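Please read the structure below before turning to the comments.
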Amino acid sequence: MYIIAIWIILVYLYTTVHAQCNITLNTLEDKEADCTYQGFTSVPTNLPPDLKKLDLSYNRLTRLGDNSFHRYKYLEHLILDNNVIIFLDPKAFTGLSLLRRLSMVKNQLNVFTSYPPGVFESLQNLSALDVSRNMKTPEYNPYRIPVGELCNLRELSIDLVLNATFGQQFRKLHNLQKLRFDYCHVDILYNETFSDMPVNIKEFHMTTCKHFVVIEVGVLVPFPHLKVLNLTNSNIHLTQALRIVHPFQNKSMDAILFRGITHGNIKHDLDAVVLTQEMMKYISTICITTLDFSDNLIISVKNNSIVSFKHPQCFEHIMVSSNSFSLETWAINLFLFVFRMTNIKMFDFSYFPLRFKNPVFLDVVTKNNHTTIQRLEYEGRLEIHNITVTVPNQIQFVRIAHVMGRNGFREIKVINSFLRYLEVSYFETDVFPILTVEGFNSLEHLDLSGISSDITIGAGKIPLLIHLKTLILKETKLYLVLQTNSSILCLCPNIKNLDISYNFMWKMNSLWQLPHLTQLNISHNLFDDVPDVVTKFDSLTELDLSHNQLTTIRKNILSWIDTQHTKFGNFKLYLSNNPLICSCDTTIFLRWILTTKVKLDKNGNYSCWVSSLKTINYTRNVAEDFHHYFVDCDSTVWIKLGISLLVSVLSTLICITLLYNFRWRIIFFFFRNIRRFAEKGLELNFDYDVYVSYSDDCISFVRELQKKVEDEWGFKICFEDRDFIVGESIATERATSIHRCRHVIFLVSPSIVENEWTRFEIERAKYEKFSKNLQKIVVITRNIPLDNIPVEFSTIWKDVLLIQWPFEKEEVQMAWQKLRLWFF
Ligand SMILES: *[C@@H]1O[C@H](CO)[C@@H](O)[C@H](O)[C@H]1NC(C)=O
Ligand SMILES: *[C@@H]1O[C@H](CO)[C@@H](O)[C@H](O)[C@H]1NC(C)=O
Ligand SMILES: *[C@@H]1O[C@H](CO)[C@@H](O)[C@H](O)[C@H]1NC(C)=O
Ligand SMILES: *[C@@H]1O[C@H](CO)[C@@H](O)[C@H](O)[C@H]1NC(C)=O
Ligand SMILES: *[C@@H]1O[C@H](CO)[C@@H](O)[C@H](O)[C@H]1NC(C)=O
Ligand SMILES: *[C@@H]1O[C@H](CO)[C@@H](O)[C@H](O)[C@H]1NC(C)=O
Ligand SMILES: *[C@@H]1O[C@H](CO)[C@@H](O)[C@H](O)[C@H]1NC(C)=O
Ligand SMILES: *[C@@H]1O[C@H](CO)[C@@H](O)[C@H](O)[C@H]1NC(C)=O
Ligand SMILES: *[C@@H]1O[C@H](CO)[C@@H](O)[C@H](O)[C@H]1NC(C)=O
Ligand SMILES: *[C@@H]1O[C@H](CO)[C@@H](O)[C@H](O)[C@H]1NC(C)=O
Ligand SMILES: *[C@@H]1O[C@H](CO)[C@@H](O)[C@H](O)[C@H]1NC(C)=O
Ligand SMILES: *[C@@H]1O[C@H](CO)[C@@H](O)[C@H](O)[C@H]1NC(C)=O
């Protein structure tokens with residue numbers, strides 16, 4: 001009796017435990033077990049013994065006992081991530097002589113206490129060990145992890161502890177190629193820190209040091225054969241990083257990745273970076289394939305130092321985005337330099353909020369096969385010169401996005417070019433260069449977002465691009481062009497993917513026949529009905545209609561969608577964030593949502609306005625509880641009213657009144673939703689309402705303004721003397737403050753001419769305005785004739801609201817009134 005019971009329990013346990021792991025065969029017919037999220041507290045012992053891969057992530061293992069994996073001696077890949085393992089028994093991995101990869105990320109293994117000697121002894125074939133993200137707090141102790149036993153190890157990922165001393169056992173890792181530190185607790189790296197590391201290391205990654213790390217210049221001397229140096233996002237400062245690369249002078253490296261390593265640091269007297277030739281003297285001698293200098297607070301580049309590299313032919317990928325230096329005097333040199341990179345494949349120069357003072361434009365003139373460069377000083381007025389730029393033909397990827405500057409080019413020429421990806425977006429310019437192709441072109445991806453389409457494709461600036469697969473025209477005011485020319489897309493007849501979101505379109509009568517179009521994105525527009533043109537695209541399988549003003553979808557569109565789905569076996573439809581209505585009139589649509597096989601976003605559960613109950617609920621709730629919501633749909637009020645309409649004047653009146661009421665409700669609903677959707681869409685999330693830029697002779701007026709705006713109107717002002725955080729770099733502080741404000745007010749008074757920061761603030765404000773964060777720029781002039789206003793303002797005139805502050809009392813009242821209105 002008991003035996004049977006126990007036997008039953010055992011069988012039960014066996015089958016359930018077994019059933020919890022998902023055993024599959026991979027493409028090589030190897031058995032793999034996926035045992036994630038099963039709450040195991042010990043290693044299951046009933047899986048097939050011939051497993052090659054075992055994944056036990058997200059369980060509750062706390063300790064690996066001796067011979068835990070004895071049964072699975074064919075294992076090659078073992079994953080124990082996200083458990084709570086704090087200790088390994090000395091024979092925990094016995095028998096795993098074929099294991100090649102072992103991962104124990106995010107446990108509680110301590111590099112001093114958790115690994116007994118001999119624990120790795122049987123892992124003779126182990127090639128990759130990942131024990132990173134275990135040391136959650138800074139602690140100091142020498143490393144006692146017996147890695148010396150892993151003579152075949154090629155990749156090691158481990159945490160970097162405070163005052164790290166590694167020890168002799170690391171010297172034995174003769175085959176180690178790749179060293180990666182994750183969870184970084186160091187604050188000083190000494191010359192000796194890595195002296196115990198084997199010399200053959202080729203890749204060094206240290207990317208999570210959040211606290212500032214002081215680095216002695218000899219720290220990388222133990223790695224003479226390094227090919228990849230990845231310090232991305234560690235808080236090191238570019239100045240230090242450039243100093244430690246001296247061991248690699250005159251060598252060649254695959255990648256130097258210094259993105260986002262500079263954060264202002266008052267304590268160590270390090271602020272924004274001014275690149276000089278002295279700083280670049282080591283790195284410039286290295287032959288580098290991939291260089292990333294992005295996001296490093298580089299505010300100025302002296303003496304062409306960024307183009308001082310001795311081996312330009314080595315570069316294949318260059319990223320210098322998101323810095324703050326202006327091209328001022330060396331733009332030409334940069335341009336010429338790019339031409340000397342004969343193997344360049346990718347060039348990214350984006351997110352440059354520039355501060356132009358006396359910019360010199362890059363004028364590249366091609367005449368009789370000779371390219372000459374002309375300098376062109378800023379003369380206060382933009383002159384268009386007929387300059388042609390030829391894109392180096394081996395380059396494949398170019399991104400020049402979010403750049404504020406003037407464009408001096410007339411023509412961009414691609415001749416027999418391998419260029420596949422071109423993004424020229426959010427470029428503030430009045431004149432867009434004409435793009436011409438000669439010979440073959442390979443362009444597949446073109447992104448012209450953020451530039452008004454009437455100066456790009458609407459102005460005939462784009463040639464026929466037969467290989468183009470993806471065209472992105474976000475925020476391009478496309479309606480301007482479509483109104484007059486509905487065949488603009490004839491220049492890319494073979495595109496598969498078209499993104500025309502954020503274009504304020506409410507109707508679209510025709511695009512071009514695009515027989516290969518499979519993805520169409522018309523989200524973030526103002527469509528209140530799905531335009532019929534979409535049904536003309538026979539290959540369409542993905543349609544994004546989210547963030548529009550749809551209340552329902554018509555029956556013929558629904559059946560077309562179903563047809564497409566049947567034809568291609570799949571169709572994706574996005575409908576979220578539309579002011580859908582759940583009413584008697586939309587029941588067909590509601591039922592369709594519930595029954596269709598088409599893949600809907602949000603699982604087909606959208607919020608909708610339930611007209612009968614005057615509340616918002618979800619389409620699924622409504623559709624599933626149909627009768628409750630629409631009791632009188634069939635015997636309907638509406639039909640009755642319709643009949644009455646025919647017979648009685650009185651009923652007509654009632655009907656009109658009803659419809660009217662209903663309409664008002666809808667309009668009100670729309671209004672609320674449009675605002676809500678719009679604010680959400682833009683992710684408007686400001687800490688302050690207004691940033692005020694002023695100079696000394698305005699302080700009394702600022703007080704007055706503060707009283708009015710904060711005390712009376714209840715808005716929040718951000719101004720320098722009160723709200724700046726002490727110790728931050730002043731430029732950063734200004735830039736972030738402007739970013740955090742909804743509007744900007746410039747108080748222009750006679751002394752503003754001397755205020756150096758005004759120009760910077762104007763540039764930032766322009767940038768924010770252009771990147772759609774900022775809503776209004778207000779310029780208030782006081783005691784200064786319009787002629788004396790600094791010329792810098794002339795560049796933003798068209799975007800600003802101007803108030804010449806009056807003297808008369810009544811007029812002052814009016815001015816306040818005006819200001820108040822503008823803020824809403
Ligand atoms: C097992 O894996 C297959 C293929 O990856 C998957 O379709 C299935 O849902 C999984 N089953 C369980 C219980 O996780
Ligand atoms: C390592 O694996 C290979 C097969 O992949 C095997 O021949 C060899 O014996 C293994 N080494 C050890 C020490 O077990
Ligand atoms: C780390 O080293 C520094 C300098 O040698 C020393 O001042 C500090 O006390 C050490 N920290 C710990 C936790 O040992
Ligand atoms: C570190 O090494 C460099 C040479 O690689 C040397 O110039 C420097 O003096 C050393 N620093 C210390 C503190 O030993
Ligand atoms: C460099 O480090 C970052 C952050 O850890 C990582 O995402 C990236 O893949 C690394 N780059 C290379 C080339 O390994
Ligand atoms: C690098 O090469 C240059 C010129 O070839 C030479 O003058 C310099 O001494 C070399 N530097 C090192 C560290 O080898
Ligand atoms: C760098 O330029 C400054 C002037 O801007 C000049 O005084 C200095 O000599 C230049 N240094 C070098 C190394 O060319
Ligand atoms: C320009 O170069 C092309 C090919 O490189 C050559 O055929 C042509 O004769 C050259 N023209 C002049 C004016 O040198
Ligand atoms: C540039 O070319 C246009 C016609 O293509 C011409 O009207 C204009 O005068 C030229 N400008 C200059 C500066 O050569
Ligand atoms: C519309 O635009 C296309 C492509 O730029 C052009 O070929 C066509 O001539 C234009 N049609 C009209 C009527 O302007
Ligand atoms: C459509 O465009 C919007 C906005 O640009 C984007 O958020 C969305 O992911 C796109 N939809 C698809 C399906 O890619
Ligand atoms: C939404 O509908 C469900 C089902 O009819 C109902 O239980 C729930 O109370 C409704 N929610 C609201 C906010 O009206």
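Computation of the quantities below employed the complete heavy-atom set of this structure, encompassing side-chain atoms and omitting hydrogens, waters and symmetry-equivalent molecules. Quantities reported herein were computed from a predicted structural model and do not represent experimental measurements. Numbering of ligands and ligand atoms starts at 1, following listing order.
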List ligand 4 atoms under 4.0 Å from [X], heavy atoms only on the residue side.
| X | answer |
| --- | --- |
| E216 | 11 (N), 12 (C), 13 (C) |
| N191 | 1 (C), 2 (O), 3 (C), 8 (C), 10 (C), 11 (N), 12 (C), 14 (O) |
| V217 | 3 (C) |
| G218 | 1 (C), 2 (O), 5 (O) |

With a 6.0 Å cut-off on the ring centroids, do [X] and [Y] count as close?
| X | Y | answer |
| --- | --- | --- |
| F204 | F194 | yes |
| Y282 | F248 | no |
| F589 | Y606 | no |

Exercise. Do the non-hydrogen side-chain atoms of F166 and M197 ever get within less than 4.5 Å of each other?
Worked result: yes

Exercise. Hey, does the side chain of N235 reach the backbone of H211 with a donor-acceptor pair shorter than 3.5 angstrom?
Worked result: no

Exercise. Is the backbone N or O of I522 less than 3.5 Å from a side-chain atom of D544, with the two atoms forming a donor-acceptor pair by type?
Worked result: no

Exercise. When only distance counts, is N485 in polar contact with ligand 10, meaning an N/O pair under 3.5 Å?
Worked result: yes

For this session: Measure the spacing between CG of D538 and OG1 of T518 and express it to the nearest 0.5 Å.
Result: 12.5 Å

Exercise. Can you tell which part of I488 has a heavy atom less than 4.0 Å from ligand 10: side chain, backbone, both or neither?
Worked result: both

For this session: Step by step, work out the side chain to side chain donor-acceptor pair (under 3.5 Å) result for N200 and H225.
Result: CA-CA 6 Å; N200 289 322; H225 304 295; 4.5 Å; no

For this session: Taking only heavy atoms of the protein into account, state which residues are under 4.0 angstrom from an atom of ligand 12, in chain and number order.
Result: I616, N617, N621, D625, Y629

Just distance, no hydrogens or angles: give the donor-acceptor pairs under 3.5 Å from side chains in residues 462-474, sequence neighbours left out.
none

